[in-house]
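After the structure tokens below, expect a handful of questions from me.
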Amino acid sequence: MTIEEKIIQAVVAGVKALYDAVVIADQVQLQKTKKEFEGHLTVVVFPFVKIARKKPEDVAAELGKYLQDNAQDVVANYNVVKGFLNIVVSPASWIQLLNEISADEKFGFKEATNDSPLVMIEYSSPNTNKPLHLGHMRNNLLGSALARIIEANGNKVVKTNIVNDRGIHICKSMLAWQKWGNGVTPETAGKKGDHLIGDFYVLFDKHYKAECDELAKQYIADGMGEEEAKEKAKQDAPLIKEAHEMLVKWEHNDPEVRQLWKTMNEWVYAGFDETYKMMGVSFDKIYYESDTYLEGKEKVLEGLEKGLFYRREDGSVWADLSSDGLDEKLLLRSDGTSVYMTQDIGTAKLRYEDYPIDKMIYVVGNEQNYHFQVLSLLLDKLGFEWGKDLVHFSYGMVELPNGKMKSREGTVVDADELMADMIEDAYQVSKEMTKKVQIPEDEAHEIARKVGLGALKYFILKVDARKNMLFNPEESINFNGDTGPFIQYTYARIASILRKAEEAGIVVPTAIDSNVVISEKETDLIQKLNGFKAAVRQAGQDYSPSGIANYCYELTKEYNQFYHDFSILGEEDENKKIFRLALSKAVAKVVRLGMGLLGIEMPERM
RNA sequence: GGUCCGGUAGCUCAGUUGGAUUAGAGCAACAGCCUUCUAAGCUGUGGGUCAAGGGUUCGAAUCCCUUCCGGAUCACCA
């Protein structure tokens with residue numbers, strides 16, 4: 001039983017004994033004692049004031065006395081401030097807690113069992129017509145972190161990706177390549193496939209825009225209004241017509257178009273794989289929209305038969321969601337083809353066939369909140385058990401100083417470039433530091449990779465996912481303060497001490513003698529360490545990677561203060577030295593576990 | 001216009017299910033600390049009407065209502 005549990009249990013018993021009233025454990029408010037008061041944990045007694053019919057101070061005093069008498073092993077002392085009962089926990093309890101933390105290699109994690117729910121989490125979901133940018137990175141990092149957090153809370157997790165590999169946007173890239181590519185390939189261009197395809201997409205847009213402008217001018221000269229002319233030009237431009245024709249050919253399985261499509265997609269996937277690998281992101285199962293987009297139709301027609309949906313005179317199929325407070329939603333066009341929503345239903349169908357899903361999480365930007373509200377209702381109506389409670393993990397956009405990222409306007413931050421830059425920065429920063437020990441070049445690069453990516457990942461993940469976040473490319477991501485490298489540095493320092501201890505032949509036992517005299521700072525650290533369990537649970541409940549990031553920062557900040565004020569290897573009292581080593585080791589472990597959940601690697605030295 | 005989400009220091013952000021005279025970090029600015037386990041660190045100074053107003057109660061940045069500001073969305077686009 002933990003210290004908290006023991007105290008809560010004692011409070012419940014105390015209320016029963018003193019006031020003959022029954023309270024449950026959840027009603028006991030136990031919190032960390034504020035810095036300015038003496039004690040470690042505080043019981044808020046206001047909830048018991050009515051039961052006891054006494055002043056808050058009196059209740060706190062009586063309860064304090066009871067705890068001291070009946071829970072002697074944990075409660076060493078107590079004091080009362082207004083309605084707050086501050087408890088001083090016995091040093092032996094703290095050391096025992098540290099021993100428990102040390103003994104558990106996966107402290108704070110819950111193992112999945114056979115009965116654990118299966119959670120499927122979808123993230124990334126790229127289009128195949130352009131390389132990944134910073135917005136995708138936020139998605140991927142959040143998704144993979146979330147998957148690990150959910151797994152650490154004792155669930156079975158399947159990570160999935162739905163690749164949007166068909167549609168007009170791919171045709172645009174294909175067409176541009178045909179017209180202006182001169183048979184170039186990633187090999188001959190010396191360029192990643194996704195970037196090459198992205199270039200052709202941009203090229204298409206450039207030519208298309210020129211055509212539109214010209215056409216519009218012509219229309220205006222013919223006496224058309226400006227707005228109308230622009231609209232019409234957009235539809236009439238020869239390039240877009242050609243792209244549409246290509247899409248039709250694709251849908252009709254035209255061998256030539258299909259072959260080109262296949263080839264170009266392969267290039268893109270090879271490029272994506274590199275990016276994913278660098279990001280440290282992976283999937284258990286990848287779905288392709290070209291495989292799923294027809295599946296939804298079947299399901300919709302099934303729903304139509306059951307009378308869940310209705311058909312209009314023009315043949316289009318709709319869902320009426322007005323009774324749920326929403327609008328009507330198109331599911332099949334009048335020509336019988338699918339829309340976005342239909343595809344998502346199709347993907348859901350395939351997934352349900354592939355896995356016994358208990359819960360589904362979609363990591364998708366907040367611009368699609370409405371879409372997922374509708375999807376949830378539709379899936380529920382169609383009989384998917386997890387439909388009603390599907391989670392749309394909705395995250396905010398990444399903004400640049402001059403507004404949103406727009407690939408059309410070229411105001412994007414490319415993921416590959418950004419990662420490479422961060423790693424290079426980390427390498428340079430490290431070079432500038434004066435080091436006592438020379439680090440070999442290949443290890444220096446490996447450290448720079450961990451640190452550069454750590455800085456980037458932490459920068460993105462520490463922010464509450466719901467909020468839009470600002471990224472200023474002008475100011476590069478910092479390596480000081482509340483950053484990934486700060487945490488990694490702390491870890492590297494501990495690793496260094498542990499190496500030295502080992503060299504000196506010091507063995508850190510798994511269990512520390514509970515009679516060692518420890519300081520306030522040290523009990524604070526143990527208490528903080530213990531908070532990891534709650535942080536993991538909370539992050540799992542709230543789907544909050546940022547909660548883990550903030551925890552890791554608080555823990556390392558606390559440790560750095562300790563590191564500064566206390567000597568570890570220089571401590572003369574052998575028992576204290578061993579204790580501090582064990583404490584440091586536990587901090588390193590928890591930091592590694594916590595940052596591991598975020599996909600951030602720890603260097604053994606920096 | 002309807003719905004949803006945000007608004008905390010000059011900037012970027014924390015603030016666990018309401019809790020303690022003084023709302024916390026980091027960056028930026030300024031001032032200190034390396035003959036001692038890694039100074040990517042530590043310590044200090046300045047900086048706030050928690051968007052505004054009302055309500056709920058022992059107690060509100062946190063919950064409720066109203067208003068203001070910003071964003072998203074409401075397509076036979078994906």
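All values derive from a computational prediction rather than experimental measurement. The chains referred to below are lettered A, B, ... by the order of the sequence lines, with proteins before strands, and numbering in each begins at 1.
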Query raised in the report: Looking for any heavy atom pair under 4.0 Å, which part of the strands does A:Asp464 touch: base, sugar-phosphate only, or nothing?
Result: sugar-phosphate
Query raised in the report: Taking for each residue the nucleotide of RNA chain B with the nearest heavy atom, is it A:Gln368 or A:Phe486 whose nucleotide lies nearer the 5' end?
Result: A:Phe486
Query raised in the report: Between A:Asp482 and A:Asn369, who's closer to the 5' end of RNA chain B by nearest nucleotide?
Result: A:Asn369
Query raised in the report: How long is the line joining CG of A:Leu330 and C1' of B:A78, in whole Å?
Result: 13 Å
Query raised in the report: For B:A40, which nucleotide in any strand shown is its Watson-Crick or wobble partner with both distances under 3.5 Å?
Result: none
Query raised in the report: Is the shortest side-chain N/O distance from A:Asn480 to OP1 or OP2 of B:G26 below 4.0 Å?
Result: no
Query raised in the report: Under the criteria of a ring-centre distance below 5.5 Å and an interplanar angle below 30°, is A:Tyr563 stacked with the base of B:G41?
Result: no
Query raised in the report: When you compare B:G41 with B:G2, how far apart are their P atoms, in angstrom units rounded to a whole number?
Result: 49 Å
**Report entry** Nucleotide nearest A:Gln561 (side chain, heavy atoms from C-beta), chosen from B:C27, B:U43, B:U38
**Finding:** B:U43
Query raised in the report: Taking the P atom of each, how far is B:A23 from B:U62, in whole Å?
Result: 15 Å
Query raised in the report: Is there a stack between A:Phe84 and B:A20, judged by ring centres under 5.5 Å and planes under 30°?
Result: yes
Query raised in the report: Just checking A:Phe459: base, sugar-phosphate only, or nothing, at a heavy-atom cut-off of under 4.0 Å?
Result: nothing
Query - Nearest-nucleotide pick for A:Ile568, side chain only, options being B:C37, B:G71, B:A14 - result: B:C37
Report task. Return yes if some donor-acceptor pair links the side-chain N/O of A:Asn86 with the main-chain N/O of A:Tyr78 below 3.5 Å, else return no. Result -> no
Query raised in the report: Does the cation-pi check pass for A:Arg312 over A:Trp318, that is, NZ or CZ under 6.0 Å from the six-membered ring centre and within 45° of its axis?
Result: yes
Report task. Side chain of A:Ala492 only, please: which of B:A14, B:A40, B:U38 is the nearest? Result -> B:U38
Requested in this report: Would you classify A:Gln373 as touching base, sugar-phosphate or nothing, given that sugar-phosphate means primed atoms plus P, OP1 and OP2, and contacts are heavy atoms under 4.0 Å?
Outcome: nothing
Query raised in the report: When we call it a touch if two heavy atoms are under 4.0 Å apart, what does A:Tyr551 touch: a base, just sugar-phosphate, or nothing?
Result: nothing
Query raised in the report: Does the side chain of A:Thr292 pick up a donor-acceptor pair with the side chain of A:Glu295 at under 3.5 Å?
Result: no
Query raised in the report: Rounded to whole angstrom units, what separation is found between the CD atom of A:Glu57 and the P atom of B:G19?
Result: 20 Å
Query raised in the report: Across all strands, who's sitting opposite B:U16 as a Watson-Crick or G-U wobble pair, both distances under 3.5 Å?
Result: none
Query - Separation of the P atoms in B:U57 and B:U73, to the nearest angstrom - result: 41 Å
Requested in this report: Take atom CD of A:Glu289 and atom C1' of B:A78, then tell me their distance rounded to the nearest Å.
Outcome: 8 Å
Report summary line: Expected label for B:C34 (glycosidic angle, syn inside 90° of 0, else anti) would be syn
Report task. Quick one: look up who B:A29 pairs with, Watson-Crick or G-U, both distances under 3.5 Å, and put none if it's unpaired. Result -> B:U45
Requested in this report: Establish, for the pair A:Arg493 and A:Tyr563, whether the NZ or CZ atom is under 6.0 angstrom from the six-membered ring centre and no further than 45 degrees off its axis.
Outcome: yes
Report summary line: With the side chain defined as heavy atoms from C-beta on, A:Asp327 is closest, among B:G41, B:C74, B:G6, to B:C74
Query raised in the report: Looking for any heavy atom pair under 4.0 Å, which part of the strands does A:Tyr370 touch: base, sugar-phosphate only, or nothing?
Result: sugar-phosphate
Query raised in the report: Considering only the C1' atoms, how many Å lie between B:U56 and B:G10, rounded to the nearest integer?
Result: 36 Å
Report task. In sequence, state the C-alpha distance, the side-chain angles, and the governing distance for A:Thr483 and A:Asn478, and then conclude on side-chain hydrogen bond (donor to acceptor under 3.5 Å, both in side chains). Result -> CA-CA 7 Å; A:Thr483 65; A:Asn478 224 298; over 6 Å; no
Query raised in the report: If you look at every strand shown and take non-hydrogen atoms under 4.0 Å, does A:Lys34 touch a base, only sugar-phosphate, or nothing?
Result: base
Query raised in the report: Using the ring of each side chain (for Trp, its six-membered ring), is A:His445 parallel, tilted or perpendicular to A:Tyr427, with breaks at 30° and 60°?
Result: parallel
Query raised in the report: The side chain of A:Tyr489 lies closest to which of these nucleotides: B:U38, B:C42, B:A20?
Result: B:U38
Query raised in the report: What's the closest nucleotide to the A:His564 side chain, out of B:A20, B:G41, B:A78?
Result: B:G41
Requested in this report: Take the angle between the ring planes of A:Phe459 and A:Phe471 and call it parallel below 30°, perpendicular above 60°, tilted in between.
Outcome: perpendicular
Requested in this report: Measure the distance from CZ on A:Arg466 to C1' on B:U62 and round it to the nearest whole Å.
Outcome: 12 Å
Report summary line: Against the side chain of A:Gln343, the closest entry in B:A78, B:A25, B:U16 is B:A78
Report summary line: A:Arg333 CZ to B:A78 P, in whole Å, measures 4 Å
Query raised in the report: Does the side chain of A:Lys462 come within less than 4.5 Å of A:Tyr553's, by heavy atoms?
Result: no
Query raised in the report: Reckon A:Val49 touches a base, only the sugar-phosphate, or nothing at all at heavy-atom distances under 4.0 Å?
Result: nothing
Requested in this report: Using the P atom on both, measure B:A25 against B:G47 and round to a whole Å.
Outcome: 15 Å
Report task. In whole angstrom, give me the gap between the C1' atoms of B:A29 and B:U17. Result -> 39 Å
Query raised in the report: Does OP1 or OP2 of B:U38 have a side-chain N or O of A:Ser496 closer than 4.0 Å?
Result: yes
**Report entry** Interatomic distance, A:Leu470 CG vs B:G70 C1' [rounded to whole Å]
**Finding:** 14 Å
Requested in this report: Find the distance A:Lys557:NZ to B:G41:P and express it as a whole number of Å.
Outcome: 9 Å
Query raised in the report: At under 4.0 Å between heavy atoms, what does A:Asn86 touch on the DNA or RNA strands: base, sugar-phosphate, or nothing?
Result: base
**Report entry** Inter-nucleotide C1' distance (B:C13, B:A75), Å rounded
**Finding:** 37 Å
Query raised in the report: Taking only side-chain nitrogens and oxygens of A:Lys467, does any of them come within less than 4.0 Å of OP1 or OP2 of B:U12?
Result: no
Query raised in the report: With a 4.0 Å cut-off on heavy atoms, is A:Ser546 in touch with a base, just the backbone sugar-phosphate, or nothing at all?
Result: nothing
Query raised in the report: Does the side chain of A:Arg493 get closer than 4.0 angstrom to OP1 or OP2 of B:A39 through an N or O atom?
Result: yes
Query raised in the report: Is A:Arg166 close enough and on-axis enough to A:Tyr293, meaning under 6.0 Å and within 45°, for cation-pi?
Result: yes
Report summary line: The Watson-Crick or G-U wobble partner of B:G6, with both key distances under 3.5 Å, is B:C69
Query - For atom CG of A:Asn472 and atom P of B:G10, their distance in whole Å - result: 18 Å
Report task. Give one of base, sugar-phosphate or nothing for A:Phe46, where a contact means two heavy atoms less than 4.0 Å apart. Result -> base
Requested in this report: Could you please name the option among B:A25, B:U38, B:A20 that lies closest to any side-chain atom of A:Arg605?
Outcome: B:U38
Report task. When you get a sec, tell me which of B:A20, B:A40, B:A14 is the closest nucleotide to the side chain of A:Val81? Result -> B:A20
Report task. Classify the ring geometry between A:Phe84 and A:Phe46 as parallel (under 30°), tilted (30 to 60°) or perpendicular (over 60°). Result -> perpendicular
Query - C1' spacing across the pair B:C65 / B:G71, given as an integer number of angstrom - result: 23 Å
